[in-house]
2 protein chains.
Amino acid sequence: MILNAFLKSAGHSSSEELYDLIKRDDPSIGQATIYRTMKLLVDAGLARSVDFGDGIVRYEQKLGHEHHDHLICEQCGIHVEVVDSVIEELQEDLAKRHGFRLYRHKMVLYGLCAECSSE
Amino acid sequence: MILNAFLKSAGHSSSEELYDLIKRDDPSIGQATIYRTMKLLVDAGLARSVDFGDGIVRYEQKLGHEHHDHLICEQCGIHVEVVDSVIEELQEDLAKRHGFRLYRHKMVLYGLCAECSSE
DNA sequence: ATAGAAAATGATAGTCATTATCAATCGATT
DNA sequence: AATCGATTGATAATGACTATCATTTTCTAT
């Protein structure tokens, strides 16, 4: 049921948001179960957690959903998924230059989207 | 007093860490004051807050301390400040390509440092 | 089927970093 | 010195999340 709600939800949902959704179908569900299940989905490789820096863990689908970074508008909150393969390579190089073996990275770009810029 | 402790502290200190330091000189100080003051220092342009993704806000000096990103060893926790001007440019391009005006970004690379790799 | 073990659930209390509140103190200005 | 606003420290509150624990629910072996 939780998996279903998660898969149906487009974008990046928090456990809290999913809880509100699922409660509509089954008011008896507890939020601890949502938190637990989302962690399980991450372990199972179905979900990936993302950190936008606001203290809330959001989840996005992982299946057929390649790695990407995020571009967020600080005004309206809209977010775009982006990837730049050159940046990815340079990150590898950068880490290697410092003797690090790179496991993963987090990159979030904050700015103003076209809409909000023109206002 | 807080500013002093912050300036003396090398690297990235949390309010909590600064509190422990300052308490030694003045046990009467309250931690709320540290939290408040660190925010003031950020507003005043003396400090910059950094988010390593562990739920703790750390502060670094801003004066004469250019923008940079972070490379963190997931084993021993050591962190290195890095900059790659090409990456920075590409981030600008990337944002522009999506119609965004870029204000700032956050990039944290997680991996294993040379030390920890060789163990 | 069925008893007994193991896992999952919901309710709720607890964490932990941070923030709000509020009375007391400090400080500048008259 | 009196006044009024800003700052402080102590403490309660917040909010996202986690731990606990008694109670189902779900296996699994018989």
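Computed from a prediction, not measured in an experiment: that's the story for all the values here.
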Within this structure, what is the [atom1]-to-[atom2] distance between [X] and [N], rounded to whole angstrom?
X: A:Asp54; N: C:dA17; atom1: CG; atom2: C1'; answer: 15 Å
X: B:Arg58; N: C:dT18; atom1: CZ; atom2: P; answer: 9 Å
X: A:Ile29; N: C:dG10; atom1: CD1; atom2: C1'; answer: 9 Å
X: A:Ile34; N: C:dA8; atom1: CD1; atom2: C1'; answer: 13 Å
X: B:Tyr19; N: C:dT18; atom1: OH; atom2: C1'; answer: 14 Å

- prompt: Are B:Lys96 and B:Asp93 within salt-bridge range, i.e. N to O under 4.0 Å?
  reply: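 No, no charged N to carboxylate O under 4.0 Å.
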
- request: Choose from C:dT9, C:dT21, C:dT18 the nucleotide whose nearest atom is closest to any side-chain atom of B:Arg36.
  value: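 For the B:Arg36 side chain, the nearest candidate turns out to be C:dT21.
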
Judged by modelled atom types alone, do [X] and [Y] share a side-chain donor-acceptor pair under 3.5 Å?
X: B:Thr33; Y: B:Thr37; answer: no
X: B:Glu60; Y: B:His68; answer: yes
X: B:Tyr35; Y: B:Glu16; answer: yes

message: Pick the closest DNA chain C nucleotide for A:Ser28 and for B:Glu16 by heavy atoms, then say which residue is nearer the 5' end.
response: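 The residue whose closest nucleotide sits nearer the 5' end is A:Ser28.
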
message: Counting the benzene-type ring for Trp, do B:His70 and A:His105 have ring centres under 6.0 Å apart?
response: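 No, too far apart.
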
field: Contact check, side chains of B:Tyr59 and B:Val42, non-hydrogen atoms, under 4.5 Å
entry: yes

field: B:Tyr35 side chain near C:dT19 phosphate (N/O to OP1/OP2, under 4.0 Å)
entry: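 Checking B:Tyr35 against C:dT19: no side-chain N or O falls below 4.0 Å of OP1 or OP2.
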
- prompt: Reckon A:Thr33 has a side-chain N or O less than 4.0 Å from the OP1 or OP2 of C:dT9?
  reply: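 For C:dT9, neither OP1 nor OP2 has a side-chain N or O of A:Thr33 closer than 4.0 Å.
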
query: Can you pull the contact range of chain A along DNA chain D, 5' to 3', using atoms under 4.0 angstrom from its heavy atoms?
result: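 Going 5' to 3' along DNA chain D, contacts run D:dA16 to D:dT20.
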
